[in-house]
Number of protein chains: 2
Amino acid sequence: MTASSEQKLGATDIAALLRREISKGILHLHDRLPPERVLAETYGAARGTVRKALNLLESEGFVEIRPGSGTYVVHMPADTSSDAVENATPLELMDTRFALEPHICRLSVLHGRRTDFDAMESLCARMETLLDDPVAFSEVDSEFHRALANSTRNGLLIWIIDQIGHVRSQDDWTRMRHLTLDAMTIKQYNAQHRQILNAIRTREPERAANIMKEHLETARLSLTRAAET
Amino acid sequence: MTASSEQKLGATDIAALLRREISKGILHLHDRLPPERVLAETYGAARGTVRKALNLLESEGFVEIRPGSGTYVVHMPADTSSDAVENATPLELMDTRFALEPHICRLSVLHGRRTDFDAMESLCARMETLLDDPVAFSEVDSEFHRALANSTRNGLLIWIIDQIGHVRSQDDWTRMRHLTLDAMTIKQYNAQHRQILNAIRTREPERAANIMKEHLETARLSLTRAAET
DNA sequence: CATTTTTGGTTTATTTTTGGTCCATTTGAG
DNA sequence: CTCAAATGGACCAAAAATAAACCAAAAATG
């Protein structure tokens, strides 16, 4: 949201942008950042503002300011676990989902209960009303896959899918793709969701898993197509 | 509920939307949200309404309002990691590995490099000297599966396997089982590890995946057997 | 080595932005 | 109708951002 539209950037905004570039590895260890005066121009801000941002980053230990010399990336503080989640690429995400979700279908057949399936059913219904609202559709889509994981009654798997959900919502590429979803693609997704749910309800684990693979393959295609645009 | 496009949004609705964006991580910690006047326009509401929503969020601890400066996100999206990971049962763990590791074998064939396979090879060699030391064997076994994940070059998957590794080491049941590993079972594991590595080296993804499934099935049996004791 | 340029550090006066507040009016559900 | 919520506008004070000038030290130059 902060960076969503091109508004005037404040000190904290600039700090956030730089912080992100550092932890994403765009700015490497021991790299020198551009001079304050240059940063000021590139961000369209006054030098004093950039300066405030840099002092923030220094106090956080991201950066070291050497008077007369420059400002240097000194360390990315242990962001520990979530680092991998935040930096995951869309392709990594797809491969991971390919690993997990077909088997989740099988486990859903084994452990899922009526109420789980009913919840998924209502999510399907909601998605079918959203042919023209890609953003809302994507959100409900995430909820559907979450509900599917939930039906395995496997806390570990549910947690992993949740973590993955954070990637999906954070990733710019994915978010952009959501905006380019057309009605036809959404229709196809909806059909696949229905088929998966039906296969699970009729206790056909392998069929459900296979449709899920198709579904993910469809999504992967849409992803690479969006990437080429 | 959450209107897809055009619905009159009340203060509680706006609060809900923002709350969601915060816990989803779209709005990061320390991010400044847009000024009230801008939010008012983007949500199609009056400033007073947005203001009410923000005060709600502040009282909930999601956000900090600094007069003259802006409104800032102050909320660590629940680190549920310890919960789900620590409370996972051995059976949940096995199901999760069943989902992940066969596909990891396929990805290893696609993305793995010589050095990755050499590392796994040396781990195999070490395991083969540990027929009589179940504890040491289990540690190296974990390393092997970690190295296998590593060969996918997929940071997200590697991270997930790491998390799962924490379960394996923390779980009492699993640890006890390790103590009851006999030389014959270890020998069988070693053979399977070798077969998996060879299948990957010869670029046979499905064969590698299938042997991994066998391997996990073996482990699952050993688990249930230990449980009956 | 001496000199020039670059870079961060500091100060100041001024303008813009931002949340805080109040109030008369409109809207919408019970 | 009634009442609570939302609206839209105006104004305030604090905070932040700006713009311009000058300083000192590091780095680059010759």
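Excluded from the calculations below are hydrogen atoms, water molecules and symmetry mates; all remaining heavy atoms, backbone and side chain alike, are included. Letters go in sequence order (proteins before strands), and every chain restarts at 1.
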A/Ala45 side chain, from C-beta outward: closest of C/dT7, D/dT18, C/dG20: D/dT18

Out of C/dG19, C/dG8, D/dA6, whichever nucleotide has its closest atom nearest the side chain of B/Pro67: C/dG19

C/dG8 phosphate, OP1 or OP2, under 4.0 Å from A/Thr71 side-chain N/O: yes

Length of the CZ-P vector between B/Arg47 and C/dC22, whole Å: 13 Å

C/dT7 phosphate, OP1 or OP2, under 4.0 Å from A/Ser69 side-chain N/O: no

Pairwise side-chain contact, B/Arg114 with B/Arg201, heavy-atom cut-off 4.5 Å (strictly under): yes

Contact check, side chains of A/Arg51 and A/Arg47, non-hydrogen atoms, under 4.5 Å: yes

A/Glu64 CD - C/dT7 P separation (whole Å): 17 Å

B/Thr96 vs A/Ile160 side-chain heavy atoms within contact, under 4.5 Å: yes

5'-most by nearest nucleotide on DNA chain D - A/Tyr72 or B/Lys52: B/Lys52

Student check: side-chain heavy atoms of B/Arg106 and B/Leu110 closer than 4.5 Å: no

Residue whose closest nucleotide on DNA chain D lies nearer the 5' end, A/Gly48 versus B/Ala11: B/Ala11

Distance, rounded to the nearest Å, where B/Arg32 contributes CZ and D/dA16 contributes P: 10 Å

Side-chain (B/Glu92) to main-chain (A/Asn154) donor-acceptor, under 3.5 angstrom: no

Interatomic distance, A/Leu39 CG vs C/dG9 P [rounded to whole Å]: 13 Å

Interatomic distance, A/Asp13 CG vs D/dA16 P [rounded to whole Å]: 13 Å

Whole-Å distance separating the CD atom of B/Glu36 from the C1' atom of C/dG19: 5 Å

Heavy-atom donor-acceptor pair, A/Arg51 side-chain to C/dG8 base, under 3.5 Å: no

Distance, rounded to the nearest Å, where A/Asn55 contributes CG and D/dA16 contributes P: 14 Å

Whole-Å distance separating the CG atom of B/Leu54 from the P atom of C/dT18: 13 Å

Donor-acceptor pair (no angle test) under 3.5 Å: A/Arg37 side chain, C/dG8 base: yes

